[in-house]
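Since this is a predicted model, take the numbers as computed values, not measurements.
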Amino acid sequence: MPHGDLAQLSAVIGGLGAAAMLLSRTRAQLLAGLAVAVAGEAVLAAALIPGADLKQLVSPASHAAALVVGVLLVGAGAAALARYPAIVPVVLLAAAPFRISVSIGTQKAYLLLPLYAVLAAAVGALVIRALRGDVGRSLPSLLAVPAAVFVALAGISLLWTRDPRQGTIELLFFLFPFSALVVAVARSPFRSWHPRALAATLVALAGLFSAVALFQRLTHGHLLAGDVERANAYTTYFRVTSLFKDPSIFGRHVVIAIAVLLVAVWLGRIGFWAGTALIAFLWAGLLFSYSQSSFVALFAVGVAVSYALGGPRMRRVLLIGGAACVLAGAAFVAITAVNDSARQATSGRTRLARVTWVVFTNHPLAGVGIGGQPKASKEEAKTQLSATRDRSHTTPLTVAAELGIIGLLVYAALLAGATRLLFLLTGLNRALGMGAAAVFLALFVHSLFYAGFFEDPIVWGVMALAAWAWVAHPRKAPTEPSSPNGPAAKITEHAQDGVPRPTPAELQHQAPLAD
């Protein structure tokens with residue numbers, strides 16, 4: 001890296017700013033946290049990109065003009081979202097999956113550019129609203145505290161990371177921006193149409209991706225994935241990638257949409273045949289991805305949703321059938337391993353787990369720093385492949401290797417806080433809570449075999465949605481009279497389980513929410 005020391009300083013500043021932003025309760029705290037986080041983000045970008053490449057942003061004149069137009073568009077978007085803040089979560093979800101190839105001089109990357117543009121506009125809109133006195137509701141402590149600690153720890157860990165460049169990329173393009181995404185979603189107003197709009201957007205995106213995948217299967221062509229296209233030339237089957245570079249990323253987006261449709265069908269929010277037809281269409285596209293991690297996630301979420309919403313007979317069938325499928329899968333892997341090897345039977349995942357575990361056992365307390373696992377695995381496990389081929393495909397192992405036991409405990413606390421909020425939300429709004437929980441489960445299971453958990457904006461979006469909907473959801477007024485300082489007033493006005501409740505005055509202005 002051209003400016004390693006500057007990157008470390010800005011990572012610490014940005015991490016503390018992002019943590020302050022997540023923990024903020026007042027307008028001053030929110031604006032201060034945003035300012036520090038944005039400053040850290042900007043300096044981190046300057047530290048990552050060489051000065052000669054940065055100059056190409058403004059030279060020639062056409063690049064400078066394009067940059068000015070982009071800034072003006074983001075400013076116009078911020079003004080629009082400040083006027084209509086309720087659409088912020090929907091437009092963020094609509095932009096979340098898309099990546100665009102970007103080149104700045106010698107620097108080339110495949111970035112979530114549409115999402116970053118929308119997120120910049122959403123943050124700008126939040127600043128405008130805050131200056132007007134409308135800061136929305138703060139995050140509940142169940143989510144804010146572990147999320148803030150995790151982001152701050154990741155930022156500070158750049159001080160000892162084994163790979164400063166990769167660690168900077170993780171912070172610059174994922175952890176810091178997605179912390180702002182959580183705040184932008186959680187502080188937007190909640191409306192009764194949000195659950196339907198978010199579900200429709202998610203399913204429509206998956207429908208688009210599946211349609212493109214089926215077209216690829218018919219034409220045997222790819223749009224973006226050159227590596228997969230070359231691999232297909234040496235296999236007896238053809239893997240599709242849709243609008244992505246990796247079949248597993250495509251599969252992940254389809255699985256979460258199927259999860260939402262399963263919940264909708266079980267709860268009668270969509271007709272059985274219409275829901276079945278949509279699921280079948282999405283599954284047809286998913287089939288040709290041949291993504292093992294996606295099918296495992298789909299199996300897990302299908303069993304979990306059906307078990308939670310089905311009757312006693314269905315639960316017995318699922319327990320027996322699920323156990324049979326797990327045993328059959330284990331037997332298949334064992335037989336394949338006997339004839340070949342465990343590494344090939346699991347598509348190399350056992351090797352990746354082994355080389356990642358070596359790093360964790362050598363650095364158990366604080367790990368090798370954010371982004372440092374692949375390089376550390378190559379050096380300490382003495383692998384013959386490039387560092388990028390040693391990247392762990394299991395999120396808990398990645399966290400353990402890079403942030404140690406400390407990071408693993410914070411990661412567990414973050415999962416526990418998000419799960420608790422989803423459980424509480426399900427008690428108030430079953431359809432919304434179950435749908436969000438199904439998506440979160442699918443993403444978590446997928447991350448056990450493909451990683452990419454904290455690099456997926458939808459993961460952060462689901463956690464933000466759980467907090468946003470729970471805090472904004474109206475509560476039932478007490479049925480018996482009580483004094484202003486009595487127990488009922490405390491339940492309404494104060495926090496339980498670290499979750500702030502709306503006051504009675506706020507409840508009067510809440511729109512009724514559909515279950």
Side-chain angles (χ1 to χ4, degrees), residues 1 7-24 33-34 36-45 47-48 92 96 99 109 111-113 115-116 119-120 122-123 139 143-186 366-374 391-392 395-396 398-404 406-415 417-418 443-444 447 451-464:
M1 278 186 63
Q8 291 177 335
L9 176 62
S10 57
V12 173
I13 293 173
L16 295 177
M21 178 175 57
L22 290 164
L23 293 169
S24 62
L34 278 170
V36 174
V38 169
E41 182 87 351
V43 179
L44 205 58
L48 176 66
L92 284 171
R99 292 175 180 261
L111 303 179
L112 294 161
L113 206 58
L115 174 64
Y116 296 146
L119 180 56
V123 171
L139 282 168
L143 180 66
V145 173
V149 174
F150 185 86
V151 173
L153 176 62
I156 295 171
S157 74
L158 198 70
L159 296 174
W160 65 82
T161 184
R162 190 69 62 85
D163 190 343
R165 186 178 188 278
Q166 187 58 40
T168 300
I169 290 173
E170 292 286 329
L171 297 173
L172 176 64
F173 294 112
F174 302 113
L175 292 185
F176 290 172
F178 296 165
S179 299
L181 183 149
V182 171
V183 175
V185 170
V368 293
I370 186 73
Q373 176 268 315
R391 188 179 304 279
S392 169
T395 294
T398 303
V399 173
E402 294 185 348
L403 301 178
I406 297 173
L408 204 57
L409 291 175
V410 179
Y411 165 68
L414 181 58
L415 292 180
L443 292 169
F444 171 73
S447 75
F453 188 72
F454 293 109
E455 292 79 12
D456 190 334
I458 297 180
V459 169
W460 296 85
V462 171
M463 293 191 291

Note to self: Would Trp460 and Leu92 count as a side-chain contact (heavy atoms from CB on, under 4.5 Å) here? Give the steps.
What the structure shows: CA-CA 11 Å; Trp460 296 85; Leu92 284 171; over 6 Å; no
Checklist line | Non-neighbouring partners of Ala152 that pass side-chain contact (heavy atoms from CB on, under 4.5 Å), sequence neighbours left out | finding: Ala19
Notebook entry, point to check: Can you find a pair of side-chain heavy atoms, one from Val36 and one from Leu16, that are under 4.5 Å apart?
Noted result: no
Margin query: Between Glu402 and Gly371 (side chain of the first, backbone of the second, donor and acceptor by atom type, cut-off under 3.5 Å), is there such a pair?
Written below: yes
Check: So do Arg99 and Leu111 actually touch side chain to side chain, heavy atoms under 4.5 Å?
Finding: no
Item checked: CG on Leu143 to CG on Leu22, rounded to 0.5 Å -> 7.5 Å
Note to self: Is any side-chain heavy atom of Val183 closer than 4.5 Å to one of Leu34?
What the structure shows: no
Margin query: To check you understand the geometry: which heavy-atom pair defines the closest contact between Ala7 and Leu44, and what is its length?
Written below: O-CD1, 3.3 Å
Check: Of the non-hydrogen atoms in Leu139 and Ala144, which two are nearest, and what is the gap between them?
Finding: CB-CB, 3.8 Å
Checklist line | Interatomic distance, Glu455 atom CD to Phe178 atom CZ [nearest 0.5 angstrom] | finding: 8.0 Å
Next item on the list: Rounded to the nearest 0.5 Å, what's the gap from CG on Leu408 to OG1 on Thr398? Could you check?
Entry: 11.0 Å
Checklist line | Heavy-atom pair of closest approach, residues Phe176 and Ala11 | finding: CZ-O, 3.5 Å
Check: Taking C-beta and beyond as the side chain, do Phe444 and Val462 meet within less than 4.5 Å on heavy atoms?
Finding: no
Check: Can you tell me how far the CG atom of Leu48 sits from the CD atom of Gln166, to the nearest 0.5 Å?
Finding: 9.5 Å
Margin query: Looking at every non-hydrogen atom in both residues, tell me the closest pair between Asp456 and Ile458 and how far apart they are.
Written below: OD1-N, 2.9 Å
Notebook entry, point to check: If you measure from CG on Leu159 to CD1 on Ile370, what distance do you get to the nearest 0.5 Å?
Noted result: 12.5 Å
Check: Do Leu403 and Val410 have side-chain heavy atoms sitting under 4.5 Å apart?
Finding: no
Checklist line | Close side-chain approach of Leu112 to Leu119, heavy-atom, < 4.5 Å | finding: no
Notebook entry, point to check: Hey, does the side chain of Thr161 reach the backbone of Ser157 with a donor-acceptor pair shorter than 3.5 angstrom?
Noted result: no
Item checked: Test item: Leu158 and Val12 side chains (from C-beta on) under 4.5 Å apart, heavy atoms -> no
Next item on the list: Using the test side chain to side chain donor-acceptor pair (under 3.5 Å), find all partners of Ser24 that sit at least two apart in sequence or belong to another chain.
Entry: Arg187
Margin query: Which residues pass the side-chain contact (heavy atoms from CB on, under 4.5 Å) test with Ala37, not counting sequence neighbours?
Written below: Met21
Check: What pairs with Phe453 under ring pair (Phe, Tyr, Trp, His ring centres under 6.0 Å), at least two apart in sequence or on another chain?
Finding: none
Next item on the list: May I ask you to test the Ile13-Val43 pair for a side-chain heavy-atom distance under 4.5 Å?
Entry: no
Margin query: So, using ring pair (Phe, Tyr, Trp, His ring centres under 6.0 Å) as the criterion, who are the partners of Phe150 when residues are at least two apart?
Written below: Phe454
Notebook entry, point to check: Which residues satisfy the salt bridge (charged side-chain N to carboxylate O under 4.0 Å, His left out) test with Asp163, sequence neighbours excluded?
Noted result: none
Notebook entry, point to check: Distance-only, no hydrogens or angles: does the Gln373 side chain make a donor-acceptor pair with backbone N or O of Ser392 under 3.5 Å?
Noted result: yes
Notebook entry, point to check: Atom CE in Met463, atom CG in Leu443: separation rounded to 0.5 Å?
Noted result: 10.0 Å
